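Only a predicted model underlies this, so the values are computations on that prediction, with no experimental measurement involved.
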Amino acid sequence: MRVLTPDHPLIAHKLTYLRDRRTDSPTFRRLADELVTLLAYEATREVRTTPVELETPVAPTSGVHLSSPKPVIIPILRAGLGMLDGMCRLLPTAEVGFLGMLRNEETLEAVTYANRLPEDLSGRQCYVLDPMLATGGTLVQTARYLVDRGADDITMVTLLSAPEGIEALQQATASLDVPITLVTGAVDERLDEHGYIVPGLGDAGDRLYGVV
Ligand code: URA
């Protein structure tokens, strides 16, 4: 698995405001959206394209279009929804599928409660959106699920990651015969005893949408 942490002052700036407990939900949503667009630029560096010929008003030339089948963007509900618009801004023609997963707060294991994805993902590049890579349970399960359905290239985009989660994802995906890339805004220090990222930004879903 490749791990990319783009080094850019705007990413660091927006992450600093996201971490700040005084940042309210509307501001948090806007910053998360902007940050994802910056991460999406890096995450889509290897999106597949097909050469095309065209004519400008001045002369014939060549260029590229996104290849078919189009990439699939998969936000993990609920917090991944806060990253969807930022990703779609760069890939407006991608299809969007949904996976609903939540963490059992006692066992910290991921439980799937919703699935709206194509059964056949053969030949599709998949972009998975989940703000926090903590224990890795959700993204490990997601990677296996997508590979089972034929995905042949998976990029995961997170705002923050814990070293423990990266290690778990590395180990669990090493045997999968599919290239996996993680693009993350920052790698933090560690997880606490409740599975929260330290220093992190708290519960991403609650900060985006409020406590429900
Ligand atoms: N999920 C969150 O929203 N925050 C964390 O710190 C860990 C998991």
Rounded to the nearest 0.5 Å, what's the gap from [atom1] on [X] to [atom2] on [Y]? Could you check?
{"X": "I154", "Y": "T181", "atom1": "CD1", "atom2": "OG1", "answer": "9.5 Å"}
{"X": "N115", "Y": "M101", "atom1": "CG", "atom2": "CE", "answer": "8.5 Å"}
{"X": "M1", "Y": "Q170", "atom1": "CE", "atom2": "CD", "answer": "4.0 Å"}
{"X": "T173", "Y": "I180", "atom1": "OG1", "atom2": "CD1", "answer": "4.5 Å"}
{"X": "I166", "Y": "Q171", "atom1": "CD1", "atom2": "CD", "answer": "13.0 Å"}
{"X": "I73", "Y": "D85", "atom1": "CD1", "atom2": "CG", "answer": "10.0 Å"}

Of L182, T5, L160, I197, the one forming a side chain to side chain contact (heavy atoms under 4.5 Å, CB included) with V187 is T5
[X] versus [Y], closest heavy-atom pair with distance:
{"X": "M132", "Y": "G202", "result": "CE-O, 3.9 Å"}
{"X": "G210", "Y": "S25", "result": "N-OG, 4.3 Å"}
{"X": "L39", "Y": "L159", "result": "CD1-CD2, 4.2 Å"}
{"X": "A43", "Y": "V157", "result": "CB-CG2, 3.8 Å"}
{"X": "A151", "Y": "C126", "result": "CB-SG, 3.7 Å"}
{"X": "A162", "Y": "L191", "result": "CB-CD2, 3.6 Å"}

Under 3.5 Å, side chain of [X] to main-chain N/O of [Y], donor-acceptor pair present?
{"X": "H8", "Y": "L10", "result": "yes"}
{"X": "Q125", "Y": "E46", "result": "yes"}
{"X": "T155", "Y": "Y127", "result": "no"}
{"X": "R19", "Y": "G200", "result": "yes"}
{"X": "R48", "Y": "L66", "result": "no"}

Taking ring-ring contact (aromatic ring centres under 6.0 Å, His included) as the definition, give me every residue that meets it alongside H65, ordered by chain and number, with sequence neighbours left out.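 Residues passing ring-ring contact (aromatic ring centres under 6.0 Å, His included) with H65: none at all.
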Got a sec, which pairs hit side chain to side chain donor-acceptor pair (under 3.5 Å) with one end in residues 157-166, sequence neighbours left out?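 As it turns out, the side chain to side chain donor-acceptor pair (under 3.5 Å) pairs with a partner in residues 157-166, which skip direct neighbours, are T158-S161, T158-T184, S161-T184.
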Inter- and intrachain pairs under side chain to side chain donor-acceptor pair (under 3.5 Å), touching residues 128-144, at least two apart: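 Passing the test, one end in residues 128-144: T112-Q141.
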Between [Y] and [X], is there a side-chain heavy-atom distance shorter than 4.5 Å?
{"X": "P6", "Y": "L38", "answer": "no"}
{"X": "V198", "Y": "D188", "answer": "no"}
{"X": "R30", "Y": "T27", "answer": "yes"}
{"X": "P75", "Y": "M83", "answer": "no"}

How far apart are the C-alpha atoms of F98 and L84, what are their side-chain angles, what is the distance that settles it, and do they pass the side chain to side chain contact (heavy atoms under 4.5 Å, CB included) test? CA-CA 10 Å; F98 297 90; L84 181 58; 4.3 Å; yes
Does atom [atom1] of [X] have more than 12 heavy-atom neighbours from other groups under 6.0 Å away?
{"X": "D148", "atom1": "CG", "answer": "yes"}
{"X": "Y145", "atom1": "OH", "answer": "yes"}
{"X": "R116", "atom1": "CZ", "answer": "no"}

Please answer: with hydrophobic residues joined when any side-chain heavy atoms are less than 4.5 Å apart, are [X] and [Y] in the same cluster?
{"X": "L139", "Y": "L129", "answer": "no"}
{"X": "L91", "Y": "V72", "answer": "no"}
{"X": "L81", "Y": "L208", "answer": "yes"}
{"X": "L31", "Y": "V183", "answer": "yes"}
{"X": "V178", "Y": "M156", "answer": "yes"}

Starting from the C-alpha separation in whole Å, work towards a yes-or-no answer on side chain to side chain contact (heavy atoms under 4.5 Å, CB included) for E34 and T37. CA-CA 5 Å; E34 292 168 0; T37 302; 5.9 Å; no
Let me see the working for T23 and D20 under side chain to side chain donor-acceptor pair (under 3.5 Å), right down to the final yes or no. CA-CA 6 Å; T23 301; D20 193 327; 4.8 Å; no
Does R124 form a side chain to side chain contact (heavy atoms under 4.5 Å, CB included) with L146? I'd like the steps, not just the answer. CA-CA 10 Å; R124 310 293 292 259; L146 298 179; over 6 Å; no
Check this for me: does any side-chain nitrogen of one of D206 and R78 sit under 4.0 Å from a carboxylate oxygen of the other? yes
Starting from the C-alpha separation in whole Å, work towards a yes-or-no answer on side chain to side chain contact (heavy atoms under 4.5 Å, CB included) for L169 and E167. CA-CA 5 Å; L169 198 52; E167 176 64 25; over 6 Å; no
